[in-house]
There are 2 protein chains.
Amino acid sequence: MIHMEISLSILNTSDKPIYRQLYEQLAFQIVTGKLSGGTPLPPIRALANSLGISVISIKRAWEELERDGFIVTMVGRGCFAADLGDEERGSRRRELALGELRPSLASLRQLGLTKAELIELISENYDE
Amino acid sequence: MIHMEISLSILNTSDKPIYRQLYEQLAFQIVTGKLSGGTPLPPIRALANSLGISVISIKRAWEELERDGFIVTMVGRGCFAADLGDEERGSRRRELALGELRPSLASLRQLGLTKAELIELISENYDE
DNA sequence: ATATTGTGTATAACCAATATGCACAATCCT
DNA sequence: AGGATTGTGCATATTGGTTATACACAATAT
């Protein structure tokens with residue numbers, strides 16, 4: 001079985017905590033199919049070492065990923081990308097997108113943007 | 001001169017810091033015209049007391065609001081909503097909207113959403 | 001058996017946000 | 001002029017989330 005490359009990185013400039021950055025990168029790669037089901041994640045100690053961070057941050061990211069069904073972990077064996085069907089992947093991807101969008105939507109309504117205005121704003125700024 | 005009502009509130013359940021909540025509420029009310037130029041803000045001590053928070057949080061919000069041109073402060077007199085022209089209000093409103101949207105846009109592209117998909121997602125979830 | 005991998009716990013350091021209190025400066029009001 | 005009001009500035013402290021380090025334990029692999 002051949003598996004995809006796992007690419008993970010940490011931005012110290014990000015406002016998001018490390019565990020959150022890892023969660024999103026992995027979840028995104030899974031629901032977009034960049035990471036196929038069953039792909040083994042690097043051992044947390046090795047990853048902590050190569051990223052120059054603590055095991056704690058990775059552990060927390062992995063915990064939440066498992067809680068949300070994105071990965072499965074087996075003691076002594078390792079952690080693996082969950083095997084989501086195409087349908088499931090699609091709905092989870094939509095879920096994540098909505099999760100990103102919802103908080104902004106609330107603010108944008110507060111700013112009095114109509115649906116039409118909002119769509120226009122996005123059309124003009126999607127790229128970049 | 002008659003001025004608008006200023007409504008400010010703090011949500012302890014919010015993930016955003018107090019000073020940020022205040023900043024946004026005030027900036028939003030100003031660019032949407034709910035707060036007309038020259039309207040006096042409550043004295044920071046009185047406001048701190050009535051909201052049950054510290055002066056520090058208010059001070060910081062006010063500082064950033066002044067830095068960004070939303071209010072003007074005069075020692076001994078008080079703080080007042082800045083007097084923005086209609087045009088200026090419009091462009092600042094657009095600025096704030098983009099500021100809310102931009103971080104989400106980056107994530108949404110990471111999720112592989114096309115412009116069309118994104119617009120559809122918004123159309124379906126603008127209300128609620 | 002020994003190594004590898006995840007789990008759990010304890011301890012500590014760091015930092016942003018927040019709170020409290022007091023002194024100072026500028027302005028307002030009488 | 002004098003007291004009240006308002007913003008400013010500083011010092012100190014607390015709290016909570018995030019992260020780091022280290023060690024012992026459990027399950028699996030080779």
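Quantities reported herein were computed from a predicted structural model and do not represent experimental measurements. Convention: sequence-line order gives letters A, B, ...; per-chain numbering from 1.
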Pairwise side-chain hydrogen bond (donor to acceptor under 3.5 Å, both in side chains) hits with a residue in residues 6-18 of chain B, at least two apart = B/Lys16-B/Glu24
Residue set satisfying side chain to side chain donor-acceptor pair (under 3.5 Å) with B/Arg60, at least two apart, ordered chain then number -> B/Tyr19, B/Glu64
Please list, for nucleotides 18-26 of chain C, all pairs of protein and nucleotide N/O atoms separated by less than 3.5 Å.
residue: C/dT18; atom: OP1; partner: B/Ile18; partner atom: N; Å: 2.4
residue: C/dA19; atom: OP2; partner: B/Ser54; partner atom: N; Å: 2.6
residue: C/dA19; atom: OP2; partner: B/Ser57; partner atom: OG; Å: 3.4

Which pair of non-hydrogen atoms, one from B/Ala61 and one from B/Leu22, has the smallest distance, and what is that distance?
-> CB-CB, 3.8 Å
Supply the members, apart from B/Met74, of the Ile/Leu/Val/Met/Phe/Trp/Tyr cluster built from side-chain contacts under 4.5 Å; use none for a lone residue.
-> B/Val72, B/Phe80
Apply side chain to side chain donor-acceptor pair (under 3.5 Å) to B/Glu117 and list each qualifying residue two or more places apart in sequence or on a separate chain.
-> A/Arg93
First and last nt of DNA chain D near chain A, cut-off under 4.0 Å to heavy atoms, 5' to 3', are D/dT18 to D/dA29
Mind calculating the distance between NZ (B/Lys59) and C1' (C/dA17) to the nearest angstrom?
-> 16 Å
Measure from CG on A/Asn12 to P on C/dC14 and round the result to the nearest Å.
-> 17 Å
Remaining members of the apolar cluster that contains B/Leu11, side-chain heavy atoms under 4.5 Å | none
Under the side-chain contact (heavy atoms from CB on, under 4.5 Å) rule, collect the residues that match up with A/Ser104, sequence neighbours excluded.
-> A/Leu108, B/Ser104
Share the residues that join B/Val75 in a hydrophobic cluster, the rule being Ile, Leu, Val, Met, Phe, Trp or Tyr side chains under 4.5 Å apart at the heavy-atom level.
-> none
Separation of A/Ile44 atom CD1 from C/dG8 atom C1', in whole Å?
-> 11 Å
